[in-house]
Amino acid sequence: MYVNLRALRLLILLNDGMYHSVNSLAKYFGCSLASIYFLVIQLQKYNVDVVNIDGYGIRLNKPIVWLDAELITRYISIESEKLELRLFDIIVSTNNYLLSQLKRNALIKDSTSVAVAEFQTNGRGREGRVWRCGFGNGLLFSICWRFEKGVSNLSGLSLVVGIAILRVLRSYAIQNINIKWPNDILCNFHKLAGILIEIRGEVCGPSYAIIGIGINFNLSKSIIPLINQRATDLSSVTGDLINRNQVLGRLLSELYNVLDEFAYYGFSSFKKEWISYHSYEGCEVDLIFPNGLAITGIVDGVTDDGAICLLTLEGKKSFNIGNIAIRSRIH
Ligand code: BTN
């Protein structure tokens, strides 16, 4: 993949938050004024908010606090050899990367591989959607977890991953963060984070889960109109810039522990906690299936393998697929 290293050098330079004249930048890079404008366009393609004000010059709207492997490791509370961290400035998709490494047998055997990126050129969401996040505006990472169990024993996995995210974000005392079945992380009913899990392996095991997580921290102005769902980010919710390195370190530790427990006990031991995070528990909802049909019911928990339970006119039923949409709140 082509990464414009000059554009990244410009980004590092602009990260001081000061105005830089196009002339001084051209002199610094030893190139023409047109080349500087080209680099600015390149940065805008990475959804960096760069402004160019006549008479002042070029400036970054929001300087970036870069991801830093050493800092992330400082916040990891499990033995460091258990995780192998690969950090990228720009990548197509961290899920794609781990999937291809797995296929090529290029992942380190005795540790859990993690790929993290500042920007994805083709970030993927659930159901074929695109996941958009500007350079340095969020956390974009994937973890490859090896299960001894077969593919069919992993139901409930995505709900458990949601628990790890909730535990960490709630430790920052952020109000109103909840989960929407199966694994959308919402704040005030706006999407804050998403989980994309892709499973590979054998029916009887072992199997591998590539768990991709995207969390919005500080979305750039240019990206918000491109996101085709109601989205939010941590800085709008808290009014603060939360330390991405710290959140990632803590989240990797939490994920490690939660996945380890899930591998032994399955979802049932997490069920009660998960229900306490579900924003639609007790609400009347439509469950919309991929074929467009829908069923209406009142949400009544989840099963031991993470299927949603609805009280319908025909009694209590559970479902493994579909998207829920609220009709009304009962309580
Ligand atoms: C969703 O649609 O809710 C899931 C979004 C998952 C996005 C993350 S970002 C890191 C990882 N790499 C991807 O391409 N997707 C996931």
Side-chain angles (χ1 to χ4, degrees), residues 1 46-47 67 72 83 85-103 107 112-145 157-166 168-169 177-187 189-200 208-220 223-224 226-234 244-245 247-248 251-252 255 259 277-280 288 290 306 308 321-325:
M1 183 210 12
Y46 302 153
N47 300 104
L67 290 170
I72 297 165
L83 294 173
L85 214 57
R86 302 183 189 185
L87 229 69
F88 299 90
D89 285 325
I90 299 180
I91 200 169
V92 174
S93 144
T94 53
N95 262 42
N96 288 16
Y97 172 77
L98 286 184
L99 282 168
S100 73
Q101 295 289 302
L102 180 67
K103 199 167 170 193
L107 295 177
T112 296
S113 298
V114 180
V116 193
E118 294 283 11
F119 183 75
Q120 298 181 126
T121 54
N122 188 22
R124 291 186 296 113
R126 282 175 51 223
E127 295 164 357
R129 286 188 291 257
V130 179
W131 184 261
R132 294 184 198 278
C133 185
F135 194 105
N137 292 168
L139 273 180
L140 307 166
F141 70 101
S142 305
I143 172 165
C144 177
W145 191 269
L157 172 62
S158 74
L159 281 73
V160 158
V161 172
I163 286 185
I165 300 176
L166 258 276
V168 172
L169 294 183
I177 296 193
N178 291 297
I179 301 182
K180 176 185 167 197
W181 184 87
N183 58 19
D184 284 342
I185 311 297
L186 306 180
C187 188
F189 295 92
H190 284 61
K191 185 127 167 182
L192 179 66
I195 302 165
L196 172 70
I197 301 189
E198 296 176 289
I199 311 278
R200 297 288 182 274
Y208 296 86
I210 308 294
I211 301 167
I213 297 177
I215 306 178
N216 300 331
F217 272 64
N218 189 20
L219 292 176
S220 55
I223 204 117
I224 294 168
L226 304 176
I227 300 178
N228 52 9
Q229 53 187 327
R230 296 195 323 164
T232 189
D233 60 11
L234 287 174
R244 286 189 304 151
N245 290 299
V247 173
L248 182 56
L251 191 47
L252 289 173
L255 274 169
L259 292 171
Y277 297 150
H278 192 207
S279 33
Y280 292 3
I288 302 149
I308 189 150
I321 51 165
N323 278 308
I324 56 176

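Keep in mind the model is a prediction, meaning the values are calculated, not measured. Every number for a ligand or one of its atoms is a count from 1 in the order of the listing.
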Can you list everything that forms a ring-ring contact (aromatic ring centres under 6.0 Å, His included) with Y277? Sequence neighbours excluded, please.
none
Nearest heavy-atom neighbours spanning N95 and G212
OD1-CA, 3.0 Å
Heavy-atom pair with the smallest gap, counting every atom of G134 and S220
CA-OG, 4.4 Å
Run the ring-centre check on Y97 versus F88 and record whether the distance is less than 6.0 Å.
yes
For the atom pair CG (L219) and CG (D233), what is the distance rounded to the nearest 0.5 Å?
4.5 Å
Assess whether salt bridge (Lys or Arg N to Asp or Glu O under 4.0 Å) is satisfied between E198 and R126, documenting all intermediate values.
CA-CA 10 Å; E198 296 176 289; R126 282 175 51 223; over 6 Å; no
Just the distances, no angles: every ligand 1 N or O to protein N or O pair closer than 3.5 Å, one line each.
| from | atom 1 | to | atom 2 | distance (Å) |
| --- | --- | --- | --- | --- |
| ligand 1 | 2 (O) | R126 | N | 2.7 |
| ligand 1 | 3 (O) | K191 | NZ | 2.5 |
| ligand 1 | 12 (N) | T94 | OG1 | 3.1 |
| ligand 1 | 12 (N) | Q120 | OE1 | 2.9 |
| ligand 1 | 14 (O) | S93 | OG | 2.8 |
| ligand 1 | 14 (O) | R124 | N | 2.7 |
| ligand 1 | 15 (N) | R124 | O | 2.7 |

